[in-house]
Amino acid sequence: MTTSAPAPAARQTPTAPARGRHRLRAALAAAALAAALPFTGGTAAHAANPYERGPAPTTASVEASRGSFAVSTTTVSSFAARGFGGGTIYYPTTTTAGTFGGVVVAPGYTATQSSMAWLGPRLASQGFVVFTIDTLSRYDQPASRGRQIQAALDHLTGSSSVRDRVDRNRLGVIGHSMGGGGALEAVKANPAIRAAVPLTPWNTDKTWPEVTTPTLLVGAEDDSVAPVSSHAEPFYSTVPASTRKAYLELRGASHFAPNSSNTTIAKYTISWLKRFVDEDVRYSQFLCPAPAPSTAILEYRSTCPY
């Protein structure tokens, strides 16, 4: 007797609900895979940075006279200081936002911390612990000021009353005139410093091939004390091209522009510190591409992108 092979089973077409379930399972699987992969850009990458402090920046926020953090102060007397002349620490009052980057600000020749006091609350309210210092003598030269900046950083992170609020691995330095020359001396001696902003800097040393710290040099067009042609410009040009650096020249400004509230100085100083002390790439937008000349900026050079 001959038997025939069974007929193949008819192929069933999934119903609409079944197709929906398949798509849902596929979407869930894709989402799970994406969650398991490292973030590489966009908002997710920003959220992965543990050093971000404060809301997403805008032009208005970096130009504002105050940021999002309330600020308190504490004084360090010259008797409590070792290796520098004392000063004032400005710090965010919050105790729930984690630690902050620390920044020491040094004054210029014959000046005191009061000449740079405006930067204290302005930077601290953006999410930094800021130490404006006096030097041992008003006549200290840049090399001495560089050592005093380092001593102040050591005090801020090691023995100050707010040391627990400061991340000792995220430090920056700012200085005006001979203090700016001192800032260069400080990062030359200590490459672990994350950022430097010398403001209308003065120094007899004109070449800085040793500097590897990201450095924003600010010069002033009408500076007769530290003319940009013999100070800020050669300083910038001799910092290695491999170092992330920028040169900002203030249009129509004098040597003493950093001694009073200045929106342009504040905007780019905040952005530089945020980018390199806090590794916060949300602030790159204010640095790259390089700002165009304007009523405030005569010239801006950079090694963008960073």
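Small disclaimer: the values here were computed from a predicted structure and weren't measured.
- By the 4.5 Å heavy-atom criterion applied to side chains, I193 and Q150 are counted as neighbours.
- At a cut-off of 3.5 Å, with distance as the only test, a side-chain donor of Q148 or S144 sits close to an acceptor on the other residue.
- Nearest heavy atoms, I149 versus A183: CD1-N, 3.6 Å.
- Here the shortest heavy-atom pairing between Y300 and A246 reads OH-CB, 3.5 Å.
- Of the residues V104, T157, V129, the one that meets the side chain to side chain contact (heavy atoms under 4.5 Å, CB included) test with L171 is T157.
- No donor-acceptor pair under 3.5 Å is formed between the side chain of E299 and the backbone N or O of Y247.
- There is no path of hydrophobic side-chain contacts, each under 4.5 Å, that joins F276 to V239.
- With no hydrogens or angles considered, a side-chain donor-acceptor pair links T112 and S114 at under 3.5 Å.
- Annotation: side chain of T135 is not in contact with side chain of M178 (no heavy-atom distance under 4.5 Å).
- Taking CZ of R145 as the start and CH2 of W202 as the end, the distance is 10.5 Å to the nearest 0.5 Å.
- Environment of CZ in R168: sparse, with no more than 12 heavy atoms of neighbouring residues, nucleotides or ligands closer than 6.0 Å.
- With sequence neighbours excluded, the residues that form a side chain to side chain contact (heavy atoms under 4.5 Å, CB included) with A296 are T264, S294.
- To the nearest 0.5 Å, atom CZ of residue F84 and atom CG of residue D140 are 13.0 Å apart.
- Side-chain N or O atoms of T243 include one that pairs as donor or acceptor with a backbone N or O of V211 at under 3.5 Å.
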Test side-chain contact (heavy atoms from CB on, under 4.5 Å) applied to D278 and F128, step by step:
CA-CA 9 Å; D278 287 353; F128 296 100; 3.8 Å; yes
Verdict with reasoning, I265 to W118, per side-chain contact (heavy atoms from CB on, under 4.5 Å)
CA-CA 11 Å; I265 290 174; W118 71 275; 4.2 Å; yes
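- Stacking of K245 on the aromatic ring of Y306 is not recorded, the 6.0 Å distance cut-off and the 45° axial limit not both being met.
- The two residues G181 and P142 come nearest to each other via the heavy atoms C-CB, 3.8 Å.
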Test R282 against E52 for salt bridge (Lys or Arg N to Asp or Glu O under 4.0 Å), laying out the working first.
CA-CA 9 Å; R282 298 180 300 172; E52 287 184 3; 3.7 Å; yes
Any chance you could lay out the side-chain contact (heavy atoms from CB on, under 4.5 Å) test for K274 and F286, step after step, and finish with the verdict?
CA-CA 11 Å; K274 285 288 190 177; F286 307 112; over 6 Å; no
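- Between W272 and Y268, the ring centre distance reaches or exceeds 6.0 Å.
- Partners of S159 by side-chain hydrogen bond (donor to acceptor under 3.5 Å, both in side chains), not counting sequence neighbours, listed by chain and number: H155.
- The same ILVMFWY cluster, assembled from side-chain heavy atoms under 4.5 Å apart, contains both I270 and I174.
- Contact between A241 and T303 at its shortest, heavy atoms only, is O-CG2, 4.1 Å.
- You'll find the side chain of T99 stays beyond 4.5 Å of the side chain of R165, heavy atoms only.
- A 4.5 Å side-chain heavy-atom check between I89 and V76 finds at least one atom pair inside the cut-off.
- At least one side-chain heavy atom of T110 sits under 4.5 Å from a side-chain heavy atom of Y139.
- For an aromatic pair to be called close, the ring centres must be under 6.0 Å apart, and F131 with Y91 fails this.
- Between H176 and H255, the ring planes are tilted. Angles from 30° to 60° get that label.
- With rounding to the nearest 0.5 angstrom, the OG atom of S230 is 11.5 Å from the CG atom of N203.
- Side-chain heavy atoms closer than 4.5 Å link hydrophobic residues (I, L, V, M, F, W, Y) into clusters, and following such links, even through other members, never connects Y109 to V173.
- Of all non-hydrogen atoms in P201 and G180, the two that sit nearest each other are CB-C, 3.9 Å.
- Shown here for A124 and F69, the closest heavy-atom pair between the two residues is O-CB, 4.1 Å.
- Under the 4.5 Å side-chain heavy-atom criterion for Ile, Leu, Val, Met, Phe, Trp and Tyr, L153 and V166 are members of the same hydrophobic cluster.
- Rounding to the nearest 0.5 Å places CZ of R251 at 9.5 Å from CD1 of I297.
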Pair W208, K188 - check side-chain contact (heavy atoms from CB on, under 4.5 Å), show working.
CA-CA 8 Å; W208 298 92; K188 173 182 174 180; 3.8 Å; yes
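- At a threshold of 4.5 Å between side-chain heavy atoms, the hydrophobic network of Ile, Leu, Val, Met, Phe, Trp and Tyr places L156 and L119 in two separate groups.
- Residues R53 and P92 have side chains not in contact (no heavy-atom distance under 4.5 Å, counting atoms from C-beta outward).
- Between R194 atom CZ and N169 atom CG the span is 6.5 Å, to the nearest 0.5 Å.
- Of the possible donor and acceptor atoms, one in the side chain of T238 sits under 3.5 Å from a partner among the backbone N and O of P234.
- A donor-acceptor pair under 3.5 Å is absent between the side-chain atoms of S61 and the main chain of P57, judged by distance alone.
- Contact check for F235 versus K206: side-chain heavy atoms found under the 4.5 Å cut-off.
- Here the straight-line distance linking atom CZ of F100 with atom CZ of R170 works out to 9.0 Å at 0.5 Å rounding.
- N259 has its side chain out of reach of L199: every pair of non-hydrogen atoms, C-beta onward, lies at least 4.5 Å apart.
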Just do the salt bridge (Lys or Arg N to Asp or Glu O under 4.0 Å) check on D280 and R275 with the steps written out, would you?
CA-CA 5 Å; D280 193 337; R275 176 61 187 86; over 6 Å; no
